[in-house]
Structure formats: C-alpha cells, structure tokens
Amino acid sequence: MQHLSEQEIIRRQYLEEFKKLGIDPYPAATFDVTTLATQIKEGFDTSPDAFKDIRIAGRIMSKRIMGKASFAEIQDSSGRIQAYINRDLICPGEDKELYNTIFKRLCDIGDFVGLSGYAFRTQTGELSLHVSEFKFLSKSLHPLPVVKVDADGKVHDAFTDPEQRYRKRYVDLIVNPHVKDNFIKRSKLINAMRRYFDDKGWLEVETPVLQAIHGGAAARPFKTHHNALDMPLFLRIANELYLKRLIVGGYDGVYEIGKMFRNEGMDRTHNPEFTSMEIYVAYKDYIWMMEMVEDCLEKIVAEVCGTTITHIGGNEINFAKPYKRLSMFDAIQQYAGIDVSTADENALRSFCKSNKIEIEDSMGWGKLVDAIFSEKVEDNLIQPTYITDYPLEMTPLAKKHRSKEGLVERFELYVNGKEIANAYSELNDPIDQRQRFEEQLKLADRGDEEAMIMDEDFVHALEYGMPPTSGLGIGIDRLTMMITGQEAIQEVLFFPQMKPDLKRADGISE
RNA sequence: GAUCUGUUAGCUCAGUCGGUAGAGCAACGGCCUUUUAAGCCGUGGGUCUUGGGUUCGAGUCCCAAACAGAUCACCA
C-alpha cells in the first residue's frame, strides 16, 4: 500500500468529485493549441492582432484567486504566461460551477488545462491571456514544489536537493526551467555536430553494443550473457575497432554517436554509461584532424549558444579557432619545469617525489610522464588546447610518430582543465598492431584489468589494408558541460545512474 | 574504495543545555472582479532516513546501516 500525504489524498478525492460532475479528469480528445507562451511574449508588442483568438495549454503553476476573478500562471513547453480568468466570462449563464467548483477548488497546481481567449496587458503591465473558454485536460495527484521568483529576480524555495532532482527528473524539469534549457542545448549540440559531419559527406553508422571482445579503450567492461548462444558478451567500452573495420571496407568517413559503458568509479565527471562521438576519416592524419575539430567546435558552439564564448566554473572559454597546440613534453617543460625528453625513469621518479606527486613502483616511464602531466599541467589548460605526441606505451592503437622516437601521433583536446577529445593518426600497420596487442597481453598477465585484449579479427581486417586514417573521439557529455556551464555530468544526463532508493521501494511494495 | 558533510511537514528550512515538534510557501474553510513572492481571518498536516544503545526522558548524545553531496583515488 502506497503511503499518501494529506495533499495527495485530497487530490484523489477531487477525482471522485470530477466524476460526480460528469467531467472526465483525463479526457481523450485533442485540444488544438495555436500558440505557445513565449510566442505571445515575443510577438504581442509588434503584432497584437495576431493574438486576438488563441488557444494555449499547459500546467497551472500558480493560482491567485480574488473572488470572482483570478490569475493563474500557465506553463507550456516554451515557458509561462499569466491567464486572467473572470467568472462571468467563462460562465456567461446562471451556472457558475466551472469557475466556482472546477477552477477555484478542483484545479490544483500541476494540473493541465486548455485555455482560449485573447492576449492583453493588465493594469500592472503583465502580459496575460484573457480567458473566454476553460477546458480541464489532466489531473496531477502529487503536489509540486512551488518555486517563486520575486520582483528582484530572487528565487524562493528553489527545488535544489540534487538527489531528489536526479531521482525525479520530471519534477526537476517542471519547476526548474534552466534545467530544461540545458538539455535542449545538448540536443542542439548533437544535431549541429551531426549536420556538420553529414555536410562533409561522412556516413553515420551503428556498430555493436554487445561485443564478444571488448576493445578500443583501456577500461573495465560490463559483462552479460547471451542465453541462446550460451556465451558471455560485453557492453562496449568503445567502438573504435568496428569503425576502423568500416574504413577497411571502403567508406571514406564514418562516425557514430552512441552510448559507451565502463564498469568503473562514478563521480561528478563519470557516469557508467556515457555518450561518445567517434569519427574516422581516410587519407587524413592527426594534423588535419586538429583543423577539423576546431572548425567544427567553433561552428557548432556558435550555432547552439549564439556565441563561441561560454562560461564555466568562473572561467570564460572561447571556442573560436585556432586552438593552441603544445606537445606533451613542451607542456610539461612549461608548467612543471622539467625536460622529460632527456630524463630517464629514475630522474622522473625523483622529480615526482620532490614535487609530492603520488607514484607507484609498477609505473614505467610513460606512466610517470602522464602522472607529471596530470598533476602539473592539466589544470592550466583552460582555453581549448591541443596536447600532442604521447608516449607510445600508453597508446596501443595509434601510429608511431613520423619523426619523434618513442612517441605516437596523438592529440587530446583540453578545455577548462578537462580532456574532452582524443585523436590519433590511426595505426594501420597490422604487424605493428599485433605486437602492440601482445604488449597489452603482457600487462594483462601482470594483473592490469584495463589492458586491451587481442582482437584477431581486427588485426585480420588491417591485414587486408587500411588507408592512412585519422580518428577522433569526443565526450559528448563533457562537451555539453562546457557549453551549459555545468560542472557535474549528472546535470547533462536526464537520468544519471543512482543506487535504488530503499525508502521509496519499501513504500511501494508494502 | 577513503575522508568529511547532510537526511525534520508536499517544497525550502529553523529546532537553544537532552524535557509536549516550529516557520514560510503549498493544502483545507471563509472574504476579495486587473493580481503577481497577491492580501486578510481561521484550520489541519510529522514513524524527525533506518536499526540498536545511553538516559526517568533522545529530533538533539553514542554505535551501526542506507542514500546523497563534496574532496581524494581511478578513469572519458
């Protein structure tokens, strides 16, 4: 038995009263909406005649009843508009039940109504709908948090508890309009990116989420089981190896926007499932890719935000190209003051110790370089910056650098101190690729749970020949965080992963 | 996984030295025909996250658990 509060019981009683009055609280028929709240607000002053006979629909978000006339705020998908509801206008005859009983008593905050009338300004100047017809559309059985904004724009009683907001995102979306805007921006961003790639002639594809061999990234996978085949399957940690097979197959450019799954820790920048965009373009290298990425980001950020400038965590970020380019070694030289290109492993170790950088005995030269980079450099990379040319041992799928020994042709794009993209000149030498996998196997034998495992079919595909290719992955969630100014990934995911709410589960099962 | 903080009415929050559980909004009953954080009068609403313990007595003190947030570790 579900526990109901006083207010919830009363709302259920109203359902019975609707039935007694012969009114369906959940009518089936279409209510033809002609106008959105923001259309009235944006258009009324220039063309008031266009709003003489309009129909709007939405939730009642507030009621201010003054006897025989009332004001209510109606919220639709676009925003809010005030409605002026006069008893004798919606009840022209003797029967005042629609106003006195249905509107004044049985309508609660959160209920849906359809209204028709004309737009006007009240004595205090508030743009409103002068209501001539009133139609009840749907009952809400739970009270909503009532968030009020005063004349100074100060928000009162805001619905802010993150746990409640994430668990009941629908409520969050209803009462916190800026949350809705963030998700609209996310959708527009993905659409703009897709359009950019499509205009270049690259093909959007779909590759398997369920994979027998999980490859393409260093991460621990989720494991599942296929009953009919009686075999284990993994949820993909990356789609890189499949997209490269498609380049082998003869497409010039392929990209996929989709969910990846990694069985690792969760925090404000990690969710177990996240959205990545990976793209592979034939006959290109990572230098070309840097030019493509900065052109793409400049255009789509401008399209979505109306400007290339965004704000996050007190920083102003400008996505206008070109972006600064800095090799990993030069970046370390600049921010940590050590030339790692001439330092051996012992020199790096003593540097880490004297700079209080945590290291482990198992870490090799490459991992030590990475540790210094993470600790000393990352936080300084606020404006979009390409970090290029990484140590080979950390990057088993990238091509060896054309001129720098021990490095690979790779870049990562950093914004606001966070990595949001990763790209290579893709390794297309099948002999080299097999050796790199074998080195990963040795790491796995030593207990590295994130080491890649050999994908024979992928190497076989490369043996048929893959053109020189550049590949890129962008974390869509993180990019969305940058353009919406959010510092938690949970703010750009509708339904971030949460542990079960036992309090609530018990309440339902009783 | 570690540390710290939080969990009280539908929402936002008070709650003193351990002594009958509080406010605003929301709700309910009135009044009010251009209000706007509408207003005025009145009323109801609580397993204080859960389970133990100390105590004559626990929202408050102690222990444990659950969930969340922040910081750290790992990662994208």
Side-chain angles (χ1 to χ4, degrees), chain A residues 3-11 13-14 61-73 80 82-89 99 104-105 108-110 120-126 128 130 140-168 171 175 217-220 237-238 260-278 358 360 370 374 412-413 418-422 449-450 473-479 481 487-490 496 498-507:
Chain A
H3 174 262
L4 295 178
S5 70
E6 178 193 38
Q7 294 193 45
E8 289 165 332
I9 291 165
I10 289 166
R11 286 174 182 233
Q13 286 168 353
Y14 287 169
M61 297 306 287
S62 72
K63 277 164 82 182
R64 292 186 285 275
I65 296 172
M66 293 161 300
K68 300 177 184 66
S70 300
F71 291 93
E73 281 179 285
R80 293 188 187 185
Q82 179 173 270
Y84 172 71
I85 300 170
N86 184 302
R87 185 193 69 180
D88 297 329
L89 283 167
Y99 182 80
K104 270 173 67 177
R105 207 161 67 81
D108 286 305
I109 288 172
F120 76 114
R121 281 194 187 276
T122 63
Q123 287 173 1
T124 53
E126 180 82 12
S128 306
H130 200 274
S140 169
L141 296 178
H142 296 296
L144 283 175
V146 178
V147 182
K148 294 195 175 185
V149 181
D150 66 20
D152 299 330
K154 196 175 160 197
V155 178
H156 298 261
D157 299 337
F159 181 61
T160 51
D161 177 15
E163 179 171 2
Q164 294 241 64
R165 289 183 47 235
Y166 302 154
R167 288 192 194 281
K168 294 199 265 193
V171 175
V175 303
R220 293 164 68 181
I237 56 172
M260 304 299 154
F261 306 85
R262 297 189 184 176
N263 206 342
E264 291 168 348
M266 292 165 53
D267 59 31
R268 72 189 210 288
T269 56
H270 296 85
N271 196 62
E273 56 183 287
F274 64 98
T275 301
S276 96
M277 190 296 302
E278 286 202 32
E358 280 186 44
E360 288 167 25
D370 190 51
S374 300
E412 292 191 332
L413 175 61
K418 302 269 170 11
E419 180 202 335
I420 65 163
N422 182 18
E449 292 187 74
E450 294 180 346
I474 292 182
I476 295 293
D477 312 284
R478 294 205 173 162
L479 182 57
M481 289 161 67
E487 296 190 85
I489 197 170
Q490 287 78 12
M498 303 280 274
K499 285 193 172 188
D501 181 359
L502 293 177
K503 281 179 278 182
R504 196 139 181 271
D506 288 349

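For the numbers below, each heavy atom of this structure counts, side chains included, while hydrogens, waters and symmetry mates do not. Chain naming here is simple, since letters A, B, ... match the order of the sequence lines and numbering starts at 1 in each.
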Check your understanding: Which nucleotide in the set B/G29, B/U35, B/U33 lies at the smallest distance from any side-chain heavy atom of A/Glu126?
Key -> B/U35
Review point. Is a side-chain N or O of A/Arg220 found less than 3.5 angstrom from the main chain of A/Glu264, in a donor-acceptor match?
Key: no
Practice item. Only counting residues at least two apart or in another chain, list the ones meeting salt bridge (Lys or Arg N to Asp or Glu O under 4.0 Å) with A/Arg11. Key: A/Asp108
**Study point:** Nucleotide forming a Watson-Crick or wobble pair with B/A64, both distances under 3.5 Å
**Key:** B/U50
Point to revise | Set of residues satisfying ring-ring contact (aromatic ring centres under 6.0 Å, His included) with respect to A/Phe261, sequence neighbours excluded | key: none
Exercise for review: May I ask which nucleotide in the shown strands pairs with B/C72, Watson-Crick or G-U wobble, both distances under 3.5 Å?
Suggested key: B/G1
**Study point:** N/O (side chain, A/Arg64) to phosphate O (OP1/OP2, B/U35) under 4.0 Å
**Key:** no
Check your understanding: Nearest nucleotide by nearest heavy atom, which residue falls closer to the 5' end of RNA chain B, A/Asp477 or A/Thr124?
Key -> A/Thr124
Check your understanding: Short question: side chain of A/Lys63, backbone of A/Ile109 - any donor-acceptor pair under 3.5 Å?
Key -> no
Check your understanding: Mapping A/Asn422 and A/Gln490 to their closest nucleotides on RNA chain B, which lands nearer the 5' end?
Key -> A/Gln490
Point to revise | Ring geometry between A/His130 and A/Phe120 (parallel below 30°, tilted from 30 to 60°, perpendicular above 60°) | key: perpendicular
Exercise for review: Please evaluate the base of B/A76 for a donor-acceptor partner in the side chain of A/Asn271 within a cut-off of under 3.5 Å?
Suggested key: no
Practice item. Could you list the residues that satisfy side-chain hydrogen bond (donor to acceptor under 3.5 Å, both in side chains) with A/Arg105, not counting sequence neighbours? Key: A/Glu17
What nitrogen or oxygen pairs link the protein and nucleotides 42-44 of chain B at under 3.5 Å?
from  : atom 1 : to     : atom 2 : distance (Å)
B/G44 : O2'    : A/Glu6 : OE2    : 3.3
B/G44 : N2     : A/Glu6 : OE1    : 2.3
B/G44 : N3     : A/Glu6 : OE1    : 3.4
B/G44 : N3     : A/Glu6 : OE2    : 3.4

Revision key, fill the gap. Contacts of A/Arg268 meeting salt bridge (Lys or Arg N to Asp or Glu O under 4.0 Å) (sequence neighbours excluded), chain-then-number -> none
Protein N or O to nucleotides 12-15 of chain B N or O, pairs below 3.5 Å:
none

Review point. Base, sugar-phosphate, or nothing: which does A/Ile65 touch, judged by heavy atoms less than 4.0 Å apart?
Key: base
Revision key, fill the gap. Regarding the side chain of A/Gln82, the nearest nucleotide among B/A37, B/U35, B/G69 is B/U35
Review point. Under 5.5 Å between ring centres and under 30° between planes: true for A/Phe71 and the base of B/A38?
Key: no
Check your understanding: Roughly, in whole Å, what's the span from OH in A/Tyr14 to P in B/A27?
Key -> 9 Å
**Study point:** Side chain of A/Arg167 - closest among B/C28, B/U33, B/A68
**Key:** B/A68
Revision key, fill the gap. Mate of B/C25 across any strand shown (Watson-Crick or G-U wobble, both atom pairs under 3.5 Å) is B/G10
